[in-house]
Number of protein chains: 2
Amino acid sequence: MDAVWNRGDVDAVDRFVADEYTIHSDPGDPWDGATLTAAGFKERLIASRGPFPDLHFDISETVAEDDRVAIAWTMRGTQTGPLGPLPPTGRRFAVQGITVYYFRGGRITGHRQVVDRLSVARQLGIAGAGGPPAAH
Amino acid sequence: MDAVWNRGDVDAVDRFVADEYTIHSDPGDPWDGATLTAAGFKERLIASRGPFPDLHFDISETVAEDDRVAIAWTMRGTQTGPLGPLPPTGRRFAVQGITVYYFRGGRITGHRQVVDRLSVARQLGIAGAGGPPAAH
């Protein structure tokens with residue numbers, strides 16, 4: 001979370017993310033249901049952080065069992081880049097989510113995730129529009 | 001989940017829910033941050049199921065560690081009762097959420113939860129209004 005999502009370190013993806021990464025369920029995420037290569041994951045990382053270069057996750061809780069870890073988090077960011085048709089607004093948001101990560105051989109093979117997208121939509125002023133961005 | 005939330009069995013609350021139940025974090029839930037007595041929990045159960053008497057949760061995944069269990073679920077229901085100012089619409093919805101439950105002495109002492117409320121709001125046609133209902 002720190003290297004890849006908080007610092008946006010694209011090269012770190014290869015250390016933490018498996019060669020095939022499956023987004024089992026992530027409602028509203030543009031890649032919901034997809035299986036990504038490392039290159040695809042890097043594209044997702046760059047696209048997701050583009051509108052919010054200061055994107056930051058704080059983890060409030062972890063629940064681990066065998067090769068799966070659930071994490072509860074708060075994501076904060078400022079929309080200083082374009083978000084689809086929306087020009088930069090400078091609006092800040094904070095949103096909560098919970099993710100289940102799947103591990104194999106020390107790397108993450110995918111996730112299942114729920115994000116309180118309604119909060120993001122309201123804070124960015126797009127509740128009636130196309131909706132909020134992907135999380136992670 | 002089956003007895004309390006799917007069947008709406010108010011008497012079952014005493015078997016599964018501790019005398020004090022804390023909603024640590026549940027964005028958009030009317031009881032977010034509250035600590036409930038058993039009577040308060042029962043009120044919450046009745047109020048939450050009122051608009052959706054057929055409310056049903058299907059659990060897709062569990063991650064357990066010590067006295068905490070994360071569950072990923074899909075909640076489905078039909079709005080056949082009034083929902084705040086909204087009259088019964090007969091609209092059906094399906095929404096995903098992830099909950100972390102806290103256990104002590106065989107009963108649940110509270111939860112932390114994220115629900116994809118934007119999906120509910122859109123499916124019930126209230127995305128621009130007061131928002132969706134509580135989950136559980």
Side-chain angles (χ1 to χ4, degrees), chain A residues 22-29 32-33 57-76 93-103 108-136, chain B residues 22-29 32-33 57-76 93-103 108-136:
Chain A
T22 300
I23 300 174
H24 298 282
S25 176
D26 195 342
D29 188 285
D32 183 16
F57 291 85
D58 288 301
I59 296 176
S60 48
E61 180 139 22
T62 66
V63 183
E65 179 183 3
D66 298 334
D67 55 359
R68 295 169 302 148
V69 182
I71 62 171
W73 45 262
T74 300
M75 171 174 74
R76 295 182 176 84
F93 73 92
V95 62
Q96 294 189 45
I98 302 180
T99 306
V100 178
Y101 279 117
Y102 304 83
F103 288 78
I108 304 178
T109 63
H111 77 253
R112 169 191 303 278
Q113 177 166 268
V114 176
V115 181
D116 178 19
R117 298 185 296 139
L118 188 62
S119 283
V120 183
R122 286 179 173 163
Q123 292 173 72
L124 295 182
I126 54 177
H136 71 279
Chain B
T22 300
I23 300 176
H24 298 282
S25 176
D26 195 343
D29 188 286
D32 184 16
F57 291 85
D58 288 300
I59 297 176
S60 48
E61 179 140 24
T62 67
V63 183
E65 180 184 3
D66 299 333
D67 54 1
R68 295 169 302 148
V69 181
I71 62 170
W73 44 263
T74 300
M75 173 174 72
R76 295 182 177 84
F93 72 91
V95 61
Q96 294 189 45
I98 302 179
T99 306
V100 178
Y101 279 117
Y102 302 82
F103 288 78
I108 304 177
T109 63
H111 77 253
R112 171 191 301 279
Q113 179 167 267
V114 176
V115 181
D116 179 18
R117 299 184 295 140
L118 187 63
S119 283
V120 183
R122 286 180 174 162
Q123 292 173 71
L124 295 181
I126 54 175
H136 72 280

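Each chain gets a letter, A, B and so on, in the order the sequences are listed, and its residues count up from 1. The structure displayed is predicted, hence computed values, not measured ones. Keep in mind that the numbers below use all heavy atoms, side chains included, and drop hydrogens, waters and symmetry copies.
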*Given B/E61 and A/R68, is the side-chain contact (heavy atoms from CB on, under 4.5 Å) satisfied, shown in steps?*
CA-CA 10 Å; B/E61 179 140 24; A/R68 295 169 302 148; 2.8 Å; yes
Looking only at non-hydrogen atoms, find the nearest pair between [X] and [Y] and report the distance.
X: B/V100; Y: A/V63; value: CG1-CG2, 4.1 Å
X: A/S25; Y: B/Q96; value: OG-OE1, 2.6 Å
X: A/R112; Y: B/I98; value: O-CD1, 4.2 Å

*Which one, B/S119, B/A70, B/P27, B/S60, leads in non-hydrogen pairs under 4.5 Å with chain A?*
B/P27
*May I ask you to name which of B/D66, B/V95, B/T62, B/V69 has the most heavy-atom pairs under 4.5 Å with chain A?*
B/T62
